[in-house]
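Data first, discussion second: the structure below is written as C-alpha cells.
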2 protein chains.
Amino acid sequence: MLDELDRKLLEILVKDSRTSLKVLAQQVGLSSPSVSERLRRLEERGVIRAFTIEIDPQALGFSLQAIVRIRPLPGKLHIVQKLIEEIPEFGECDKVTGDDCFVARLFVRSIGELDHLLDRIADKAETSTAIIKGQPIRRRPPPLEALTGRS
Amino acid sequence: MLDELDRKLLEILVKDSRTSLKVLAQQVGLSSPSVSERLRRLEERGVIRAFTIEIDPQALGFSLQAIVRIRPLPGKLHIVQKLIEEIPEFGECDKVTGDDCFVARLFVRSIGELDHLLDRIADKAETSTAIIKGQPIRRRPPPLEALTGRS
DNA sequence: GTGAATACCTAATTAAATTAGGCATCGCCT
DNA sequence: AGGCGATGCCTAATTTAATTAGGTATTCAC
C-alpha cells in the first residue's frame with residue numbers, strides 16, 4: 001500500500017516540503033508528472049495530512065512550555081474538552097487510558113500566564129503540571145526511519 | 001520584531017505551506033517579491049524552522065501511540081537520552097522540571113512492540129506509560145491565534 | 001541637507017508545475 | 001489464447017509561479 005518510492009518521497013518532504021518535483025523525480029528515478037501523481041494520491045489517501053511550516057514558539061514569544069495532565073471531574077469531561085479546544089495556548093492534546101484524562105502541551109509567555117490558564121480549568125478538573133526545560137530532545141514526526149531500519 | 005503581515009503569512013503557511021507567493025501577496029497586500037523577501041528573512045531568523053509535511057502515523061502502520069514518562073536512574077541520564085535519540089519510534093521528547101525526567105511520545109505498531117521498546121530502557125530508568133486512545137483533541141502548532149485573540 | 005539603509009514596487013527572465021497524449025504491462029474475463 | 005480495461009509510467013507542450021534586476025519613496029543618522 002505504500003511502496004519504497006512513496007516512503008522515499010515522504011522522507012524527503014518531511015525534511016523539506018519545498019523540494020521541487022524535478023529534484024524529487026531524480027531522487028526516486030521517475031519523471032516529475034509521475035511524482036506529482038504519487039503526491040496527489042498520498043494526499044488523497046490521507047497519508048500526507050498537510051503541507052505546513054514549523055514555527056519556533058519562542059519567536060512568537062512563547063518562552064515557556066508545560067505538559068499538563070488534566071483529569072476532568074465527574075460529568076465535566078465535555079466542558080473540559082471544549083475548553084482545551086478553544087484556548088489557543090494549548091498545543092497537541094491526547095486522551096490517554098487509565099483514569100480518563102488528557103495530556104496536553106501548553107505554550108505560554110510567562111509563569112503568570114500558565115497559572116492564569118490553569119485557573120480557568122481548576123474547578124472542572126484535577127491537573128498536574130510539568131514545566132519543560134531546555135530544548136526538546138527530539139521533535140515531532142512519526143518515525144519514518146523505523147520502517148526501514150531495525151530498532 | 002514580527003509585524004502584522006508576518007503573522008498573517010505564518011498563519012496562512014501553517015495551514016498550507018504550498019500557498020503561492022502570488023496568493024500570499026494578495027492576502028497581505030504586497031507584491032510577490034516582497035513576500036518572498038519576508039519569508040526568506042523569517043527563515044533566516046529562525047522563526048520558520050522548516051517547511052515540512054504532516055504524515056498520518058496510522059498510514060505508516062503505527063496504530064498505537066503512548067506517552068511515556070522516563071526517569072533515568074542516577075548516573076544514567078546520558079545513556080537514556082542517547083537511547084531516546086536513537087530509537088526511531090520516539091517522537092517528540094521534552095525534559096521537564098521536578099525530578100529530572102523526560103516525557104516522550106512513542107509510535108508503535110502493537111502493544112508487543114511497545115513492551116519491547118520499554119524493556120530496552122527498563123534497567124536504566126523508571127518509566128510510566130499511558131496509552132493514547134482515539135484521535136488527538138488538538139494537534140501540534142504553537143498558538144498563532146493566541147497572539148491576536150484574547151484568551 | 002545629504003548619504004545610507006529599508007522596504008517596497010514593476011517588468012523581464014528563469015524555473016517549476018501541469019496538462020495532454022501515448023505506450024507498455026498486468027490481471028481478468030470470455 | 002485473445003482482447004479489454006485499468007495502472008503507471010513516459011515525453012513534449014503549455015501554463016503558472018518564483019526569481020532577478022533595476023528603480024523609487026521614506027526614514028534615520030550624521
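Letters A, B, ... mirror the listed sequences (proteins, then strands); counts begin at 1.
Rounded to a whole Å, the CD atom of B:E44 is 12 Å from the P atom of C:dA7. Distance CD (B:Q26) to P (C:dC8): 17 Å, rounded to an integer number of Å. Put simply, CG on A:D6 is 16 Å from P on D:dT7, counting in whole angstrom units. Spacing between atom CZ of A:R41 and atom C1' of D:dC9 amounts to 13 Å, rounded to whole angstrom units. Look at CD on B:E37: it is 17 Å from P on D:dG22, rounded to the nearest Å. Between the CG atom of B:L5 and the C1' atom of C:dC9 there is a distance of 15 Å, rounded to whole Å. Summarising the geometry, the separation between CG on B:L9 and C1' on C:dC8 is reported as 14 Å, rounded to the nearest angstrom. What separates CG of A:D3 from C1' of D:dT7 is a distance of 13 Å, to the nearest Å.
Of the possible polar contacts, one joining the B:R45 side chain to the B:M1 backbone as a donor-acceptor pair under 3.5 Å is found. Between the side chain of B:T52 and the backbone N or O of A:V14 there is at least one donor-acceptor pair closer than 3.5 Å. With B:R138 contributing its side chain and A:F90 its backbone, the two residues share a donor-acceptor pair below 3.5 Å. Judged purely by atom type and a 3.5 angstrom limit, B:T97 uses its side chain to pair as donor or acceptor with the backbone of A:I131.
Each of B:T127, B:D99, B:D100 was checked for a side chain to side chain donor-acceptor pair (under 3.5 Å) with B:R71, and the lone residue meeting it is B:D99.
Between B:R120 and B:E86, none of the side-chain N atoms (NZ, or NE/NH1/NH2) sits under 4.0 Å from a carboxylate O, so this pair counts as no salt bridge.
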One character per nucleotide, please: for nucleotides 14-21 of chain D, 5' to 3', B when the base has a protein heavy atom closer than 4.0 Å, S when only the sugar-phosphate does, - otherwise.
---SSSB-
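Cluster annotation: A:V103 and B:L64 are assigned to distinct hydrophobic clusters (Ile/Leu/Val/Met/Phe/Trp/Tyr, side-chain heavy-atom contacts under 4.5 Å, transitive). Under the 4.5 Å side-chain heavy-atom criterion for Ile, Leu, Val, Met, Phe, Trp and Tyr, A:V28 and B:L60 are members of the same hydrophobic cluster.
Remark: B:R38 is in phosphate contact with C:dC8, judged by side-chain N or O atoms under 4.0 Å from OP1 or OP2. When the side-chain nitrogen and oxygen atoms of A:S31 are compared with OP1 and OP2 of D:dC9, none of them lie within a distance under 4.0 Å.
Residues A:V80 and A:L83 have side chains not in contact (no heavy-atom distance under 4.5 Å, counting atoms from C-beta outward).
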Which dot-bracket string fits DNA chain D when only Watson-Crick or G-U wobble pairs with both atom distances under 3.5 Å count, crossing pairs get [ ], and | stands for a partner on a different strand?
||||||||||||||||||||||||||||||
